[in-house]
Amino acid sequence: MARMRHLSRAPIREAVLDVRIAEENPIDAGHLLSALESQEGFPEVRELTADSVPTQLPTESEAAGNPSSGKVIGARGFSRDRDWVIDFRTNGVTFSRRSPYPSWEEYSEKARPLVAQFLDVARPRRVVRLALRYINHFRLSYRDPKDYFGTLPSLPDSLGLRVDSLLSTITAHDLECELSAHVTHFLLDDLAPDRIGFLLDIDVFSDNQFGPQTDQFWGTFEELRKFKNRIFFELITERNAVLHE
């Protein structure tokens, strides 16, 4: 594990904030499109269909929740530099920031009015899922990945084998704080022979029920961020953390 602190060069490739609502009342996708077109800062807005390319790596649960292919389910907006992406969907709102990641304070403050506007348009009875997802992309000198990550699936050293591919996903639940996490390790083959690429994908979420007012659930996002940070620093080594200060 590494000591928890601010990393000025954090390896975040994409950060995703998601609010999922109960689909109890029909929502007109056209209204979502109009609402997003009225937002400043997102000059490019297009219809969002179920088979659109996702803004982030999909999880099994997200794929299972997709409506039928080709159906218009809302709208997607892009900032001018395309670093910010916002989805208004009939089942929720997703706000994504691509690298470089600013800070949680800037990211969450930008998300708050967008989430509030979506809820004002959609008028759901209940919010059923809150999630934060951070996809970290490490570019590391080629050594054993265990130099950089504390716990990884491995083969016995006695076999004398080099690991060329690795994909591992764990889903876990914290009984005390009632939060859950999908944690995925993925070894990439995207760098020079003397370096390795590695994804650490941490998706933390709450499936508790909330009212549709943002003041009822924004504190949960703060708890999710702390939960994500705790997982991140427990999984990387101090050698790894120092590289991103």
Side-chain angles (χ1 to χ4, degrees), residues 1-5 7-18 50-66 69 82-83 85 87 94 96-101 129 131-174 179-205 207 224-225 227-245:
M1 63 175 291
R3 177 175 56 85
M4 189 178 298
R5 74 271 204 183
L7 299 179
S8 61
R9 296 186 294 121
I12 299 168
R13 189 173 87 175
E14 184 170 10
V16 182
L17 181 149
D18 184 73
D51 55 358
S52 297
V53 177
T55 59
Q56 69 276 354
L57 300 176
T59 65
E60 183 177 351
S61 59
E62 288 167 342
N66 281 343
S69 178
R82 300 179 73 87
D83 285 342
V85 183
D87 287 356
T94 301
S96 172
R97 167 69 192 197
R98 301 170 191 259
S99 179
Y101 179 73
R129 187 178 190 270
L132 288 178
R133 185 173 188 174
Y134 283 75
I135 302 172
N136 300 279
H137 188 184
F138 298 88
R139 298 168 174 85
L140 304 166
S141 299
Y142 189 80
R143 296 187 184 92
D144 189 326
K146 287 184 289 186
D147 288 344
Y148 304 105
F149 303 96
T151 57
L152 290 174
S154 61
L155 296 171
D157 292 340
S158 59
L159 290 175
L161 301 177
R162 186 189 70 184
V163 175
D164 291 327
S165 178
L166 186 154
L167 174 61
S168 171
T169 299
I170 294 175
T171 299
H173 182 72
D174 188 313
L179 302 176
S180 301
H182 301 304
V183 179
T184 299
H185 293 88
F186 185 27
L187 179 63
L188 301 173
D189 183 19
D190 64 344
L191 298 177
D194 60 340
R195 298 178 66 81
I196 60 172
F198 206 99
L199 290 185
L200 175 57
D201 181 351
I202 304 175
D203 181 4
V204 292
F205 59 95
D207 286 329
L224 286 168
R225 183 180 74 95
F227 186 40
K228 181 272 299 183
N229 284 343
R230 179 157 59 93
I231 293 172
F232 177 83
F233 283 100
E234 286 283 346
L235 290 178
I236 68 170
T237 63
E238 187 64 24
R239 179 203 291 266
N240 196 341
V242 167
L243 295 175
H244 297 93
E245 288 185 310

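Keep in mind it's a predicted model, so treat the numbers as computed, not measured.
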message = Taking ring-ring contact (aromatic ring centres under 6.0 Å, His included) as the definition, give me every residue that meets it alongside Phe149, ordered by chain and number, with sequence neighbours left out.
response = Phe138, Phe198
task = Would you confirm whether Arg82, through its side chain, and Val85, through its main-chain N or O, come within 3.5 Å as a donor-acceptor pair?
result = no
query = Which residues pass the ring-ring contact (aromatic ring centres under 6.0 Å, His included) test with Phe205, sequence neighbours left out?
reply = His182
inquiry  = Would you say that Phe227 contacts Ser180 through its side chain, given a criterion of any heavy-atom pair below 4.5 Å between the two side chains?
reply    = no
request  = Working to the nearest 0.5 Å, report the span between NE2 of His244 and CZ of Arg9.
outcome  = 7.0 Å
ask   = Would you say Arg230 and Asp174 make side-chain contact, with heavy atoms under 4.5 Å?
value = yes
message = Here's a test for you: under side-chain contact (heavy atoms from CB on, under 4.5 Å), which of Thr237, Ile236, Val242 qualifies with Arg239?
response = Thr237
message = Please report the interatomic distance CG(Asn240) to CZ(Phe232), rounded to the nearest 0.5 Å.
response = 6.5 Å
note = What one should report as the nearest heavy-atom pair of Pro153 and Leu166 is O-CD1, 3.7 Å
remark   = Minimal heavy-atom distance between Ser141 and Tyr148, with the atoms involved, is O-OH, 3.0 Å
request  = Would you check if Leu200 and His185 make a side-chain contact, meaning some heavy-atom pair closer than 4.5 Å?
outcome  = yes
Over all atoms of both residues, closest heavy-atom pair of Ala131 and Asp203 = CB-OD1, 4.1 Å
Given Val204, Leu17, Leu132, the one that forms side-chain contact (heavy atoms from CB on, under 4.5 Å) with Arg225 = Leu132
query = If you look at every heavy atom in Arg3 and Glu238, which pair is closest and at what distance?
reply = N-OE1, 3.0 Å
task = State, to 0.1 Å, how close Phe233 and Arg5 come at their nearest heavy-atom pair, and which atoms those are.
result = CZ-O, 3.0 Å
inquiry  = For Gly197, is there any backbone N or O sitting under 3.5 Å from a side-chain donor or acceptor partner on Arg139?
reply    = no
ask   = side chain to side chain contact (heavy atoms under 4.5 Å, CB included) with Ala10: which residues, sequence neighbours excluded?
value = Leu7, Ile12
query = Hey, mind stepping through Asp18 and Arg133 against side chain to side chain contact (heavy atoms under 4.5 Å, CB included) and telling me if it holds?
reply = CA-CA 8 Å; Asp18 184 73; Arg133 185 173 188 174; over 6 Å; no
query = Is there side-chain contact between Leu199 and Ile135, with at least one heavy-atom pair below 4.5 Å?
reply = yes
